[in-house]
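These figures come from a predicted structure and were not determined experimentally. Residue numbers count from 1 along this sequence.
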Amino acid sequence: MRMRDKQLRTRRLPPPPSQARNLSPARQRAQSRRLRRGRTSTFRALVGWFLLGVLGAVLFVAILSPLIIRSLPPRVIARLSGTPLNFITCLHPDFCKGEAAALPTVSAVADAASLLGQDATPTADAPTLPVAVAPTEAGGDWTVSTNAPTATLIPTDPPPTAAPLDTSASGSGEASAAQSDDATPTAVIAATPTPTVAVEVAAADLPYESRLSGFRWVAQSWNNCGPATLAMDLNSYGWNGTQQTAASYLKPDPEDKNVTPGQMAVFVNEQVPGLNAVYRYAGSIDLVKRLIVAGFPVLIETGFEPDGEEWMGHYRLIVGYSDLEASFYIFDAYLGVGENKQGRVETYDSVDKFWRHFHRVYVVVYRPDQEAQLKQVLGADWDPASNAQNALAVAQREAQMYPDDEFAWFNLGTSYVLLGDYESAARAYDVARNTTRGLPWRMLWYQFGPFEAYLHTGRLADVEALASVNLANTQYVEETYYYQGMVYLQRGETDQAVQKFQEALRHNRNFAPAAEALAQIR
């Protein structure tokens, strides 16, 4: 039987070519058909495996790639915008959330009319705004030269359209072609300046144009307008750091959405040898001019609405002004420096419109030998308590003028927080939340007064509600986790509080309030 099977198998094998020529035509045709069927089967198998591979790749892309894309940081996905791979951005939660979560309104708002004329009544010690923890290592090789921005003044009479803002201010009215580092400023602000809401042109004692030089424009990297703008300011004094140098301290997580003016001031004061910085509220067009004339660039935080985007915060550096054009010259890390590379020209009205969204906060960098000069320019605003009182007066006046303006009431709340009057601050923030337009949904990425006010007045549910909205829109604001932790701490839930404080420090290891809260718990 085995021999028979072997013979059958042998007969099935195609004969050698020499023998194939001796086969009959019928057998040759049969053999050809068998060969074609074999090749067809092989081809079909290859096509099947190919299609199976394609199907597997499609399933991999459909199932696994969204998970991979979702895990990538937003700054990586943002680079695909405007490229043929732009469609991938729709797979990332930060770019395809749909409509952003809105900040909630308040069910019942207490009468706030009394807030518009009263002085602040502190309900607790005035708070220390969140700043950064000084790292254990020194500032490294960062150095500052003795150079400073140089003011170029135009000492001619003001144009006919110039209207004095404060005719009581004293000054010589004279200006040199270039002001030296230790020159006496040409204007002195009165000891208790009257807050001004309307944008005026120039005080009579100021030159109608002044522009500082010695700046190098820096294009911001992702979410980095704060460190980039601060770097431009510091570089003008001879600092040899970069925006990455500043960001590594101010926002170690590149996705961090914000750096506060207070954090900037701490960075300069503790990490940049040879330079100091202060930040104050309720600046004015006139004050910016006086600072420019005295040789100080002015770093401001403003609202920002670029094309195709909703409201957000943004930092800018003012380096000059011109009353002839009623405009400032601005170095903007996002928008650039204008055609002549000496600053974007933007009108006073345009700048002030968005500056007031942040209660006209400003940062001034200076050398120690310039402190007396800066004090003279700032006048009463050099003292933080006096500045807070002046800011309150400005906010009260604007809230009276624009009773349905969300920013006016928000600024009023911020002023009361600065003065430690949390009850009044909470009421002002309630009104801001319930205005017709309401607050921008990104508002609490940058300003945290409502958290402070509600936390100190025991309104923990409001703190939780606002924090939840922040987290629904972004996970990259460390302050959100901090205030959640404070709610848990007040409720006696220490373990949960510790987790939130640690989460805040994971996003910013230099965030002082969270580090201090953990230290107190332990």
Side-chain angles (χ1 to χ4, degrees), residues 99-124 126-127 129-130 258 281 303 310-313 356-359 388 391-392 394-474 477 479-491 500:
E99 188 173 352
L103 295 173
T105 57
V106 182
S107 58
V109 178
D111 178 30
S114 61
L115 300 177
L116 300 180
Q118 71 177 44
D119 293 330
T121 304
T123 55
L129 297 182
N258 179 54
Y281 289 87
E310 297 184 62
W311 184 95
M312 64 184 70
R356 62 182 292 269
H357 295 179
F358 284 81
H359 208 351
L392 175 64
V394 173
Q396 286 175 328
R397 180 176 174 181
E398 291 197 343
Q400 287 176 329
M401 293 175 61
Y402 312 109
D404 194 40
D405 182 80
E406 63 274 26
F407 297 110
W409 287 97
F410 193 95
N411 293 343
L412 185 60
T414 299
S415 296
Y416 279 120
V417 167
L418 291 172
L419 292 164
D421 186 350
Y422 297 107
E423 290 286 351
S424 298
R427 289 160 58 197
Y429 287 131
D430 287 347
V431 178
R433 291 166 61 186
N434 278 27
T435 52
T436 301
R437 289 190 300 261
L439 295 171
W441 56 271
R442 288 189 176 107
M443 192 71 165
L444 302 188
W445 292 12
Y446 313 102
Q447 304 186 72
F448 310 102
F451 291 116
E452 288 286 338
Y454 296 140
L455 191 67
H456 281 84
T457 53
R459 293 173 55 176
L460 303 186
D462 285 274
V463 177
E464 288 183 311
L466 296 176
S468 295
V469 170
N470 255 15
L471 287 176
N473 292 320
T474 184
V477 177
E479 288 86 351
T480 306
Y481 303 103
Y482 167 72
Y483 286 110
Q484 283 185 318
M486 292 302 292
V487 169
Y488 284 123
L489 197 60
Q490 284 202 16
R491 289 176 175 165
K500 291 299 180 179

For Y454, the ring-ring contact (aromatic ring centres under 6.0 Å, His included) test, sequence neighbours excluded, returns none
Between H359 and Y281, what is the ring plane arrangement, given parallel below 30°, perpendicular above 60°, and tilted in between?
-> tilted
CZ (R427) and CG (D421) are apart, to the nearest 0.5 Å, by 8.5 Å
Any heavy-atom pair between the side chains of L471 and Q484 that's under 4.5 Å? yes
The single option from Y402, F358, F448, Y429 that satisfies ring-ring contact (aromatic ring centres under 6.0 Å, His included) with F410 is Y429
Value for NZ (K500) from CG (L489), rounded to nearest 0.5 Å, stands at 14.0 Å
Interatomic distance, CD@E464 vs CG@L455, rounded to 0.5 Å, equals 10.5 Å
Exercise for review: Keeping the roles fixed (side chain from N411, backbone from R356), state whether a donor-acceptor pair exists under 3.5 Å.
Suggested key: yes
Rounded to the nearest 0.5 angstrom, the CE-CH2 distance for M312 and W445 is 8.0 Å
With sequence neighbours left out, the residues meeting salt bridge (Lys or Arg N to Asp or Glu O under 4.0 Å) with E310 are none
**Study point:** Parallel, tilted or perpendicular: rings of F451 and Y483 (30°, 60°)
**Key:** parallel
key: Heavy-atom check, side chain of L412 versus side chain of Q396, under 4.5 Å   = yes
- [ ] Give a yes or no answer on whether the side chain of E406 reaches the backbone of R437 with a donor-acceptor pair at less than 3.5 Å.
- [x] no
Q.
Could you check whether any side-chain heavy atom of V463 comes within less than 4.5 Å of a side-chain heavy atom of M486, counting everything from C-beta outward?
A. no
Notebook entry, point to check: So, for Y416 and W409, is the gap between ring centers shorter than 6.0 Å?
Noted result: no
Check: Just by distance, do the side chain of N434 and the backbone of V106 share a donor-acceptor pair under 3.5 Å?
Finding: yes
Exercise for the section: Find out whether L439 and Q447 are in side-chain contact, i.e. whether some heavy atom of one side chain is under 4.5 Å from a heavy atom of the other. Expected result: no
Residue set satisfying side chain to side chain contact (heavy atoms under 4.5 Å, CB included) with P104, at least two apart, ordered chain then number -> R433, A465, L466, V469
key: From CA spacing to verdict: side chain to side chain contact (heavy atoms under 4.5 Å, CB included), D405, T435   = CA-CA 7 Å; D405 182 80; T435 52; over 6 Å; no
Closest non-hydrogen contact found for A425 with A453 is CB-CB, 3.9 Å
CG of L392 to CG of L419, rounded to nearest 0.5 Å, is 6.0 Å
* What do the steps show when you test N473 against R442 for side chain to side chain contact (heavy atoms under 4.5 Å, CB included), and what is the final call? -> CA-CA 8 Å; N473 292 320; R442 288 189 176 107; over 6 Å; no
